Amino acid sequence: MGFLDIRNVTKSYGSVEVLHRVDVAVEEGEFLVLVGPSGCGKSTLLNMIAGLEGISGGEIAIKGRVVNGVHPSKRNIAMVFQSYALYPNMTVGQNMTFGLEMHGVPKPEREEALSRVAKLLQIDHLLDRKPGQLSGGQRQRVAMGRALVRNPDVFLFDEPLSNLDAKLRVDMRTEIKKLHQSLKTTIVYVTHDQIEAMTLSTRIAVMNKGHVQQLGTPKEIYDTPANVFVATFMGSPAMNLVPATVVMEGGVPHAAVTDADGTPRHLRFSQANLAAWAGKPILLGIRPEAITDPEGADRKSANIVALANRVGVTEPAGSDTFVTMQLSGKDIVARMRADALVAPGQVFDFAVNMEKAVAFDPATEERIAP
Amino acid sequence: MSAATQDTAVSTGSFTRAFLYLVLILFALFYLLPLYVMGVNSVKPLTEITGGNMMALPSVWTLEPWRQAWSTAQIGVEPTGLKPYFLNSILMVVPAVAISTIVGALNGYVLTKWRFRGDTWVFGLMLFSCFIPFQIVLIPMAVVLGKLGLAGSVPGLILVHVVYGIGFTTLYFRNYYASFPTELVRAAMIDGAGFFRIFWRILLPVSGPIAVVSVIWQFTNIWNDFLFGVSFGGTSQPMTVALNNLVQSSTGVKEYNVHFAGAILAALPTLLVYIVAGRYFVRGLMAGSVKG
Ligand SMILES: Nc1ncnc2c1ncn2[C@@H]1O[C@H](COP(=O)(O)OP(=O)(O)OP(=O)(O)O)[C@@H](O)[C@H]1O
Ligand SMILES: [Mg+2]
């Protein structure tokens with residue numbers, strides 16, 4: 001049993017079921033990120049935890065207490081909304097202490113909590129301003145401050161950074177992570193930004209169409225995605241997926257692919273269990289950073305396979321150079337060091353780290369190896 | 001407000017501008033003419049009106065017509081002046097405006113933030129009530145007032161006007177609150193505020209502009225209403241009915257100067273409301289329709 005338990009929870013609007021049997025247990029102090037494309041039901045799930053949406057089936061428990069039907073204010077949760085939802089007629093200070101006031105906390109204690117949190121978030125000079133007189137980043141801080149003063153069991157964040165510009169978003173991301181590391185509170189955080197999900201979380205639930213596709217640590221999600229959806233959704237640029245056939249050479253499974261010029265190539269797998277798929281088609285998944293120039297290849301890898309292929313397009317991006325080429329009739333992307341000498345149209349010797357390769361069943365799109 | 005109008009104004013040459021002003025001034029004079037006639041004739045002795053030019057300024061200035069209209073003129077059979085009726089109107093209009101505005105605000109709040117099954121139907125029916133002509137409801141209303149024992153009294157008139165006004169006030173507040181972010185209400189719920197607390201602390205403080213619209217609309221309508229007043233007023237008739245009785249009386253000489261003074265007295269409160277709250281009126285109407 002976890003600190004926050006979501007057991008077999010479903011949500012229906014009329015006859016339409018938008019969440020299907022979601023089952024997640026969150027431990028105390030965890031930072032769980034719900035990530036997925038628009039409309040997959042992330043906000044709905046978060047609102048159900050908050051008590052703002054009814055639960056159609058299953059149950060949600062916080063600290064062992066089932067809260068289905070418990071009023072939002074009695075769940076000891078705090079929520080930060082995408083639009084910040086600051087009360088426009090109240091000052092920053094009043095905004096932050098409104099919840100305490102409603103819970104009947106006496107004024108001296110409210111003042112104390114306010115000054116503690118305001119210092120923590122460095123907004124103590126803004127307490128007398130109205131939300132309309134604040135910048136986006138300051139509003140964001142106030143919204144977090146309002147959640148923090150309550151000292152809740154669980155923090156709920158619904159896309160709190162999506163209204164900020166790119167630079168501020170990165171800064172605030174770091175700040176939230178710092179805050180979590182120092183306060184060690186339990187957080188459920190919704191985003192559709194996979195980088196936010198990877199950087200912030202201790203665990204990620206990847207959702208699609210009302211199903212949790214995979215629940216795991218960022219590393220598990222990234223290295224061993226449960227299916228094609230998770231593989232392509234997490235990571236930027238997305239994982240390369242090419243159709244291949246498993247062939248056996250010297251008792252070891254290989255992926256049979258064709259290069260840009262139509263020549264057949266065999267890439268040796270590290271995963272022995274793929275022998276069972278000999279002669280069958282699979283989807284071969286390789287992350288862009290697993291295809292490099294030979295000097296840039298991972299030294300620790302035991303299975304670097306050379307692949308000579310004709311370069312399509314090169315895109316220098318400052319820190320890296322992205323190279324697009326054809327493999328088995330698909331465009332794939334390789335991530336090279338910035339100063340790798342590759343020219344379009346040239347045949348280049350790429351190094352493929354097959355230790356990191358993933359294989360999917362093309363019929364079910366589920367992962368079959370590793 | 002004036003800055004905003006200048007920003008959006010199309011720039012024109014000085015000749016066009018002068019022409020525009022000329023036209024506008026002519027229109028303004030045209031509309032002010034009746035007020036001028038009423039004004040000058042209410043401060044003349046009657047002989048000057050019957051014997052001379054309606055447009056001329058008085059040669060003898062007098063406030064006697066005003067005094068008479070207010071306190072001694074014959075209204076129906078009693079020489080009471082308009083004073084008691086003015087009081088009736090105030091006693092009717094203030095609670096009626098307050099109640100219908102508050103109920104409209106609550107309705108708008110519920111219809112946008114506490115939605116329930118069939119709420120659009122409820123709202124549709126309320127909208128429908130805005131289009132029912134007064135005359136249709138006279139008889140059923142009389143029956144209801146009779147049953148309630150409120151016939152011919154100020155509370156009866158208040159009830160009639162509240163019932164009739166709720167459709168409009170609900171429409172105003174619903175449209176205004178529809179653009180109010182629901183996330184704020186949700187945040188307040190999590191903060192532990194209940195139904196009325198959210199209304200009182202979160203929504204009401206930002207409802208100023210639309211409340212002004214509602215108050216002006218209700219005030220002018222209720223103050224100027226004649227039909228309900230004459231039908232259900234009984235012994236506590238409002239100002240409009242009294243003014244009619246004063247002006248339409250067929251006995252004795254027509255004291256035009258007193259009539260003019262009475263008419264101005266009857267129009268004064270609405271004029272005052274417009275002057276005090278008028279600039280918010282436009283702002284509130286805009287806020288309801290265009291966002292941002
Ligand atoms: N009141 C409602 N009635 C019917 N369907 C709804 C209602 N609210 C949400 N939905 C549906 O539920 C699904 C999940 O919505 P939700 O808001 O949770 O998506 P989300 O994952 O938060 O997306 P986004 O990233 O765009 O915020 C959507 O398909 C949406 O159309
Ligand atoms: Mg959402």
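Please read all numbers here as calculations on a predicted model, not as lab measurements.
No side-chain donor-acceptor contact under 3.5 Å links B:Ser214 and B:Thr169. Side chains of A:Glu30 and A:Thr186: no donor on one and acceptor on the other come within 3.5 Å.
Of the two parts of A:Arg75, neither the backbone nor the side chain holds a non-hydrogen atom closer than 4.5 Å to a non-hydrogen atom of chain B. Only the side chain of A:Asn47 comes within contact range of chain B, with at least one heavy atom under 4.5 Å from a heavy atom of that chain. With a threshold of 4.5 angstrom between heavy atoms, A:Leu100 does not approach chain B through any atom at all. For a residue to count as touching a neighbouring chain, one of its non-hydrogen atoms must lie under 4.5 Å from one of that chain's; by this rule A:Gln94 does not touch chain B. Of the two parts of B:Arg197, only the side chain, counted from C-beta on, holds a non-hydrogen atom closer than 4.5 Å to a non-hydrogen atom of chain A.
For the side-chain hydrogen bond (donor to acceptor under 3.5 Å, both in side chains) with B:Ser207, the qualifying choice from B:Tyr177, B:Tyr176, B:Tyr109, B:Tyr172 is B:Tyr177, the only one to do so.
Taking 4.5 Å as the limit, every side-chain heavy atom of A:Tyr189 sits out of range of all side-chain heavy atoms of A:Leu32.
Interface remark: of the candidates B:Gly194, B:Pro181, B:Ala187, B:Ala187 forms the most heavy-atom pairs closer than 4.5 Å to chain A.
Seen from the ring of B:Phe123, B:Arg174 counts as a face-on cation partner, given the 6.0 Å and 45° thresholds.
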